[in-house]
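Accompanying notes for the structure given below.
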Amino acid sequence: MPSTTITGRIFFKPGFWGRRMPFRQTGRVTVWLMGRTAPILGASGPSDGDGWFKISFNLPATPATDMYIEVEDPCSGEKHMQPIKRPPKISPIPLMTDNIGEIEVPWEPADAELAMVNSKRIRGYRLLAKTLSLLLRSPGYPINISLRRQSLDGTGKDYTPAQLLLIPMKVDRPGFLNRVVGDVRDEVINTRSEKLNDLAVEILEQLSTVDLKRLEEGKLLNRFLAVIQRAFPSHSYSESLMTDPTHDMAAACVILFLAGLMKKDNVQPEIMFDSFKLGCDKGNARRTFSRVYISVNKN
């Protein structure tokens with residue numbers, strides 16, 4: 001009996017979280033082979049934390065006319081079925097695969113809610129940058145910020161390199177803001193302000209207008225992250241840190257915001273890295289999230 005192996009990759013629909021964000025939750029993928037009037041075969045397999053799936057099965061004696069791929073999020077119970085308007089290809093060579101391309105599910109990712117600033121829930125890096133610019137202009141203490149991201153490996157410890165740049169902000173950084181805004185002005189964004197804190201506010205305001213396409217292209221964000229790295233003496237340096245554009249931009253905006261607060265009010269943030277789990281709508285499954293929690297109080 002001839003066999004085949006179907007591969008493909010699942011993405012979320014485009015939104016403020018990204019234009020091509022992989023389906024991070026391990027899901028259930030089913031291949032349906034259709035006859036003229038009804039399904040003649042169904043074969044299932046899991047997707048991994050980066051959206052890839054691979055399903056092997058024996059082809060039925062009855063020829064298929066169409067193929068459908070069904071994706072189920074086991075956490076929410078949501079399902080999406082997408083037609084592949086051709087029968088599967090027979091694999092004449094063992095381990096040879098038939099790549100059917102990309103499948104796009106119509107629901108939002110679990111970490112579409114990017115952050116929380118005090119009690120305000122933030123959906124998207126542009127709203128976060130705008131919120132931080134207003135708060136830096138007129139701070140009200142205490143200030144609590146939480147950045148969250150769905151864990152790809154389930155450990156809750158898979159922080160991005162940009163998020164890890166928050167670690168050096170745990171201690172006082174004399175001259176940090178001056179170095180950051182000076183290099184941002186020279187290399188990343190044109191500014192008009194002269195005072196340091198006004199510059200930080202202006203940069204955050206301009207970041208709140210950066211569109212998703214420009215962000216994901218990486219040039220602006222990698223330059224911004226390079227500036228931040230150089231502002232930390234003896235910090236290891238890389239010209240390309242962007243791995244998860246919206247979450248990396250969120251971390252960069254928070255670093256600039258904290259630098260502005262530390263200069264403006266001589267405060268010192270408390271920064272913690274932890275994880276948490278949220279129960280699913282279906283069954284006993286749970287999603288794991290990594291979290292960076294920042295607390296700032298004025299003495």
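All residue numbers in this chain count up from 1 along the given sequence. As the structure is a computational prediction, the values presented were derived from the model and not from experiment.
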Inset, instruction - Please lay out, stage by stage, how F257 and I203 fare under the test side chain to side chain contact (heavy atoms under 4.5 Å, CB included). - result: CA-CA 10 Å; F257 170 75; I203 291 168; over 6 Å; no
Inset, instruction - Show your reasoning for whether side chain to side chain contact (heavy atoms under 4.5 Å, CB included) applies to M67 and I6. - result: CA-CA 11 Å; M67 176 166 55; I6 300 294; 4.2 Å; yes
Legend entry - Connected via hydrophobic side-chain network under 4.5 Å: M116 and I145: no
Inset, instruction - Give a yes or no on whether F12 and F16 share a hydrophobic cluster (residues Ile, Leu, Val, Met, Phe, Trp, Tyr; joining criterion: side-chain heavy atoms under 4.5 Å apart). - result: yes
Legend entry - R223, R230, K219 screened by salt bridge (charged side-chain N to carboxylate O under 4.0 Å, His left out) with E187, the one that passes: R230
Inset, instruction - Taking salt bridge (Lys or Arg N to Asp or Glu O under 4.0 Å) as the test, write out the residues that go with E78, two or more places apart. - result: none
Legend entry - T26: partners by side-chain contact (heavy atoms from CB on, under 4.5 Å), with sequence neighbours left out: P46
Inset, instruction - Check whether any side-chain heavy atom of V267 sits under 4.5 Å from a side-chain heavy atom of L258, and report yes or no. - result: no
Legend entry - Transitive ILVMFWY cluster of M272, excluding itself - 4.5 Å side-chain cut-off: Y293
Legend entry - Partners meeting side-chain contact (heavy atoms from CB on, under 4.5 Å) with P161 (sequence neighbours left out): L241, T243
Inset, instruction - Measure the CZ-CD distance between F11 and E102 for me, rounded to the nearest 0.5 Å. - result: 4.5 Å
Name every donor-acceptor pair, under 3.5 Å, that has one atom in a side chain of residues 122-132 and the other anywhere in the protein, sequence neighbours excluded.
residue	atom	partner	partner atom	Å
R123	NH1	E108	OE1	3.4
R123	NH2	E108	OE1	3.0
R123	NH2	E108	OE2	2.8
Y125	OH	V210	O	2.7
Y125	OH	D211	O	3.4
Y125	OH	L212	N	3.2
R126	NE	S208	O	3.1
T131	OG1	K120	NZ	3.4
T131	OG1	L127	O	2.8

Inset, instruction - Any chance you could measure S133, atom OG, to L135, atom CG, to the nearest 0.5 Å? - result: 9.0 Å
Legend entry - R86 and D98 ion-paired at < 4.0 Å: yes
Inset, instruction - Drop me the distance from R148's CZ to S290's OG, to the nearest 0.5 angstrom. - result: 10.5 Å
Legend entry - Steps toward salt bridge (charged side-chain N to carboxylate O under 4.0 Å, His left out) verdict (E205, R137): CA-CA 11 Å; E205 288 176 345; R137 189 182 297 276; 2.7 Å; yes
Inset, instruction - Find out whether D73 and F23 are in side-chain contact, i.e. whether some heavy atom of one side chain is under 4.5 Å from a heavy atom of the other. - result: yes
Legend entry - Cluster companions of Y68 among Ile, Leu, Val, Met, Phe, Trp, Tyr (side-chain spacing under 4.5 Å): W32, M34, M81
Inset, instruction - Rounded to the nearest 0.5 Å, what's the gap from CD1 on I103 to CD1 on I69? Could you check? - result: 5.5 Å
Legend entry - Residues that R9 engages under salt bridge (Lys or Arg N to Asp or Glu O under 4.0 Å), provided they are two or more places apart: D50
Inset, instruction - Please tell me if the side chains of L165 and Q229 come closer than 4.5 Å, counting only heavy atoms from C-beta onward. - result: yes
Legend entry - Linked, directly or transitively: V31 and L41 (ILVMFWY side chains, under 4.5 Å): yes
Inset, instruction - Could you tell me whether a side-chain N or O of D48 sits under 3.5 Å from a main-chain N or O of W52, the two making a donor and an acceptor? - result: yes
Legend entry - Atom CZ of R287: over 12 foreign heavy atoms under 6.0 Å: yes
Legend entry - All side-chain contact (heavy atoms from CB on, under 4.5 Å) counterparts of T288, not counting sequence neighbours: S151, K277
Inset, instruction - Measure the CD-CG distance between E202 and L204 for me, rounded to the nearest 0.5 Å. - result: 10.5 Å
Legend entry - Backbone N/O of F53 and side chain of S47: donor-acceptor pair under 3.5 Å: no
Inset, instruction - Taking only Lys NZ, Arg NE, NH1 and NH2, and the carboxylate oxygens of Asp or Glu, determine whether R149 and D111 approach each other closer than 4.0 Å. - result: no
Legend entry - S295 and I143, any side-chain heavy atoms less than 4.5 Å apart: no
Pairs of donor and acceptor atoms involving the side chains of residues 166-177, under 3.5 Å and at least two apart or interchain, shall be tabulated with distances.
residue	atom	partner	partner atom	Å
R173	NE	P168	O	2.8
R173	NH2	P168	O	3.2

Legend entry - Close side-chain approach of L59 to S3, heavy-atom, < 4.5 Å: no
Inset, instruction - Mark yes or no for whether N118, through its side chain, and N144, through its backbone, hold a donor-acceptor pair below 3.5 Å. - result: yes
Inset, instruction - Find out whether Q206 and T191 are in side-chain contact, i.e. whether some heavy atom of one side chain is under 4.5 Å from a heavy atom of the other. - result: yes
Legend entry - Shared-cluster residues of L278, by chain and number - hydrophobic side chains joined below 4.5 Å: F276, F289
Inset, instruction - Without swapping roles, check the side chain of H80 against the backbone of E104 for a donor-acceptor pair under 3.5 Å. - result: yes
Inset, instruction - Flag the pair K264 / P139 as yes when at least one side-chain heavy-atom distance between them is below 4.5 Å, and no otherwise. - result: yes
Inset, instruction - Would you kindly confirm whether L152 and V292 end up in one hydrophobic cluster when ILVMFWY residues are joined by side chain heavy atoms under 4.5 Å apart? - result: no
Legend entry - Verify same cluster id: L134, V181 (apolar side-chain graph, 4.5 Å): no
Inset, instruction - Check whether more than 12 heavy atoms from other residues, nucleotides or ligands sit under 6.0 Å from atom NZ of K13, and answer yes or no. - result: yes
Inset, instruction - Answer yes when E216 and R19 have at least one side-chain N-carboxylate O distance shorter than 4.0 Å, and no when they do not. - result: yes
Inset, instruction - Applying side-chain contact (heavy atoms from CB on, under 4.5 Å), name anything that partners T7, two or more places apart in sequence or on another chain. - result: T5, K54, T97, N99
Inset, instruction - For atom CZ of R28, decide whether the heavy atoms of other residues, nucleotides or ligands shown that lie under 6.0 angstrom number more than 12. - result: no
Legend entry - N/O donor-acceptor pair under 3.5 Å between D265 side chain and L261 backbone: no
Legend entry - S44 versus T30, closest heavy-atom pair with distance: OG-OG1, 2.7 Å
Inset, instruction - Go through the steps for R24 and I10 under the test side chain to side chain contact (heavy atoms under 4.5 Å, CB included), then give the verdict. - result: CA-CA 9 Å; R24 289 174 170 159; I10 309 165; over 6 Å; no
Inset, instruction - Report the distance from atom OG1 of T65 to atom NZ of K85, rounding to the nearest 0.5 Å. - result: 8.5 Å
Legend entry - Non-hydrogen atoms of A250 and L114 that approach each other most closely: CB-CD2, 3.6 Å
Inset, instruction - Using the side chain to side chain contact (heavy atoms under 4.5 Å, CB included) rule, take M249 and L207 through it: C-alpha gap first, then chi angles, then the decisive distance, then the call. - result: CA-CA 9 Å; M249 176 62 96; L207 292 175; 4.0 Å; yes
Inset, instruction - Go through the structure and list residues passing ring-ring contact (aromatic ring centres under 6.0 Å, His included) with Y159, not counting sequence neighbours. - result: F273
Legend entry - Contact summary for L147 and A115, nearest pair of heavy atoms: CD2-CB, 3.7 Å
Legend entry - Side chain to side chain, F224 and I189, heavy atoms closer than 4.5 Å: no
Inset, instruction - Mind listing the closest non-hydrogen atom pair of G260 and L136 along with its distance? - result: C-CD1, 3.6 Å
